> 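My questions all concern the structure below.
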Amino acid sequence: MIWPMLAMAILTSANEVVETPRPEATTISFVAIGFTGPQSPRDRAVLEIVMRALPRQTIEYGLRQIDEITTGGTPVRTVIMPDHVRISFETARGGLKVGASLLESLLCRPVLNQEDLDRAWQDLRGRNLPAWNAALDPTPYAWGPVTQAEATAQVQKLFNQNTWIGVGGAIQLGEAKAEWSRRAITWTAPTPVRVSRNQYPAVSGLITRQVSWLELQGPTIPAADAAWGTGLLAATALGTGKGSSLHRIVRERERLSYRQEAVLWPTPEGWCTRLILLQRSSEADPSQGEKVTALLREDVNSWQDSDRLRALRVLRESLAGEFPLGALYLEPSGPIGSRTADETFMAAYFRAKTGRTWNREALLAGLEKVSLDELKQTALEFLNAAKLIRGLD
Amino acid sequence: MAPLLALALLAVPQLPDDPPRLRTILPNGAVILVERMPKAKTISASLWISSRGTEESAETHGLRHMAEHLMAARPGIDAKLESKGSILLAQTLRDGMQFEVRGPSSEPIDLALETLFAVASPMKVDAERIIVEAKTLVQELALAEGPSLFARAAWSASYGAQGLDPLGNSTAFGQATPARLGNLVSRMLVGSNLVVVVAGPVSIDDTIAKIRPWLSAFPKSAPAPFSARKANSAGDAEVEASGAAVGRAVDAYNDESTLAIFAGALACASEVSNSFVTYTPSIRPGLVTAGQTDGSELTGKLGAASQASFAYTFGKPLAKRWVNRFLQSPSGVTYLRGLLLCQSSDATPEAMLSGIDSLNYRTFEPAWRSWTSPDAVRLNGVFK
């Protein structure tokens with residue numbers, strides 16, 4: 001009796017699979033999420049290079065075949081955030097088996113040929129990030145060549161039995177879990193690789209001469225903190241939309257910036273509230289940080305219930321994907337949307353990160369009970385604890 | 001009688017085989033288009049103001065962009081909209097200016113229309129207000145990114161003074177006065193320059209009835225002609241960005257060669273990371289710019305004989321997808337239909353779609369190869 005049980009332990013894939021059925025959807029979304037910890041400039045550079053080369057070919061599927069599988073859906077896409085890396089794509093309705101096969105192949109058997117890796121790092125090292133992207137993630141990158149062995153070890157480290165899988169859209173409950181389980185993936189432990197001792201210089205992603213940014217960065221909100229939603233609402237009131245404090249005061253009244261937003265940014269430990277202002281470098285002044293903080297504090301103290309209601313409504317529409325701005329940033333340069341692919345990702349990501357189920361309506365219902373005083377207090381606590389960061393060109 | 005008539009209009013049910021959209025041309029030349037999208041979760045209402053008679057020139061460069069900022073900045077609008085989950089967006093392009101109100105379909109269309117009416121209402125601007133707004137405009141210019149910098153340089157190289165960037169420059173903003181802005185806005189706001197497009201789960205007849213009285217009140221005037229736009233011989237240009245791009249002057253938006261050049265660029269870009277293709281459909285000669293913000297793999301492939309077959313095979317469906325993507329959302333509808341209508345009441349996205357369908361390899365191939373012709377502008381990013 002022991003042998004069958006042992007066989008099952010070896011053969012059964014241990015990944016958590018979170019399903020998000022949407023019967024009306026015309027596509028099936030797939031996402032794999034690998035969580036990462038703090039990274040050095042070299043770690044980040046290697047990740048970028050590897051994730052650019054990864055979707056080009058697997059042992060089973062070439063580029064054209066990958067395109068064919070995702071025809072009717074969306075192409076393979078990789079996203080790198082400070083706390084995780086994800087691969088996602090969509091197939092047309094009915095593509096559960098082939099989509100699961102492609103996902104397994106991408107995670108377990110990417111080819112990562114040296115030519116693709118070399119092209120990736122040659123292209124990336126000259127990259128000039130858009131100013132907003134650079135302000136959001138000012139990590140420098142230590143670009144340099146990556147060997148196939150290094151790249152393979154990186155993928156094995158990222159994607160393994162701890163990877164969370166999300167499948168959503170035109171599926172029935174239970175189908176995706178059964179399909180993934182049937183695959184019986186045996187994950188390979190990362191192969192020890194001798195990493196080059198070369199020291200590559202760390203360079204900023206922003207090269208333009210014209211733009212600076214100013215940031216007020218709050219302390220981390222732990223992932224498990226159930227009150228993170230109030231932080232999200234306060235961020236919305238402070239900095240999402242033209243009725244927010246940042247837009248009304250900092251841009252329209254003081255003319256200190258053109259783009260300014262409040263962002264709830266993911267970190268390995270949880271989330272961090274950040275108010276970011278992009279401005280022309282020649283307008284930058286070291287005294288602006290204190291001035292902006294004082295102005296915002298004054299505005300928060302004057303908030304009326306109409307400000308609370310505005311923030312609630314903007315947050316509702318933003319989380320529903322119907323508002324072009326939003327504070328919950330889970331894309332490298334913007335908020336998460338509400339397409340099937342986004343909902344599939346959120347369901348898996350939120351469960352993995354917080355241990356709780358993602359439920360937008362329940363979150364909003366809870367936030368409607370946050371009083372104006374509580375909202376003001378949360379915003380003021382942020383402003384009092386925030387540290388000033390300046391990013392110069 | 002009017003309230004009874006309004007009630008009668010409201011009471012008329014939308015029959016299943018009613019056309020999905022209705023275009024109405026008013027006696028003063030203004031155009032209303034309402035497109036019914038019953039399953040949409042949002043509503044979009046856009047006011048388009050054609051640049052006929054007010055195109056960018058050395059004397060007026062940037063004034064339209066300043067006017068856009070001032071018209072959109074009416075007190076109280078934003079807080080009122082956002083408390084209903086809606087937002088006002090605006091942009092200034094070469095052929096027109098767009099003000100769009102976008103919001104959830106659970107809200108009635110009335111607030112969106114009121115906002116557009118307010119945007120186009122008379123405004124008093126003093127010199128101090130202009131100076132203050134110029135500060136924000138200059139900030140906006142500084143934030144221009146790689147793709148738009150490459151496109152701007154390509155327009156300048158290809159069309160010279162006829163290709164002035166509508167965003168303007170700091171010198172031009174410094175020359176703005178209340179009188180010049182007032183004169184510009186009064187020339188903009190004539191019937192033949194105005195288009196209102198609404199899309200979403202709305203009643204076509206009811207919506208037209210709400211817009212008609214307001215839009216009819218603008219003065220009637222013969223449409224000013226668009227100035228002729230002719231591409232010059234180009235050459236290379238350097239851009240303060242990283243990466244590389246190629247700009248290709250094209251004919252009208254529905255011309256066979258334009259669509260082939262555009263489709264080919266889309267196909268090429270689909271294979272290359274961090275690539276971009278920019279094109280704003282115009283009834284006049286325009287420009288397609290294609291490039292990458294890191295590396296130059298794309299520019300090496302554009303127009304290559306070895307890529308022609310691939311570009312044709314994949315370019316056609318990609319170009320159709322590009323057009324159809326706009327037509328699938330209310331916001332996309334009010335953008336693309338409005339952009340074309342503000343240039344000509346007969347211009348439609350369907351003309352692009354049928355043009356793409358009728359492309360064959362014989363007509364595609366020479367257009368594809370023209371990416372490598374001396375007429376194309378090669379743009380090199382100076383940041384390495």
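Quick caveat: nothing in here was measured; it's all calculated off a predicted structure. Chain identifiers are assigned alphabetically (A, B, ...) following the order of the sequence lines, protein sequences preceding nucleic acid strands; residue numbering begins at 1 within each chain.
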> Look at A:Arg44 together with A:Glu48 and state whether they make a salt bridge at an N to O cut-off of under 4.0 Å.
yes

> Given a strict heavy-atom distance threshold of 4.5 Å, which part of A:Gln122 is in contact with chain B: side chain, backbone, both, or neither?
neither

> With chain A as the partner, which of B:Leu137, B:Val132, B:Thr293 has the greatest number of non-hydrogen pairs under 4.5 Å?
B:Val132

> Can you check whether anything in residues 316-327 of chain A gets within less than 4.5 Å of chain B, heavy-atom wise, and list it by number?
A:Glu317, A:Glu322, A:Phe323, A:Pro324, A:Leu325

> For A:Gln279 and A:Gln260: C-alpha separation, side-chain torsions, deciding distance, then whether side chain to side chain donor-acceptor pair (under 3.5 Å) applies.
CA-CA 9 Å; A:Gln279 55 184 178; A:Gln260 54 294 306; over 6 Å; no

> Less than 3.5 Å apart, which donor and acceptor atoms pair up between the side chains of residues 317-326 of chain B and the rest of the protein, not counting sequence neighbours?
from, atom 1, to, atom 2, distance (Å)
B:Lys320, NZ, B:Asp357, OD1, 2.9
B:Lys320, NZ, B:Asp357, OD2, 3.3
B:Asn324, ND2, B:Lys320, O, 3.2

> If you count heavy-atom pairs under 4.5 Å between each of B:Leu81, B:Leu89, B:Leu88, B:Leu141 and chain A, which one has the most?
B:Leu88

> For the candidates B:Lys84, B:Arg102, B:Lys80, which exhibits the highest count of non-hydrogen atom pairs separated by less than 4.5 Å from chain A?
B:Lys84

> Who wins among B:Ala79, B:Ser329, B:Ser83, B:Ser86 for the most heavy-atom pairs under 4.5 Å with chain A?
B:Ser83

> Heavy atoms only, distances under 4.5 angstrom: which of B:Glu140, B:Lys135, B:Glu145 has the most pairs with chain A? Name it, please.
B:Glu140

> Can a side-chain donor-acceptor contact be found between A:Ser281 and A:Ser212 if the only test is distance below 3.5 angstrom?
yes

> Pick one: which of A:Lys242, A:Arg310, A:Arg313 meets salt bridge (charged side-chain N to carboxylate O under 4.0 Å, His left out) with B:Glu82?
A:Arg310

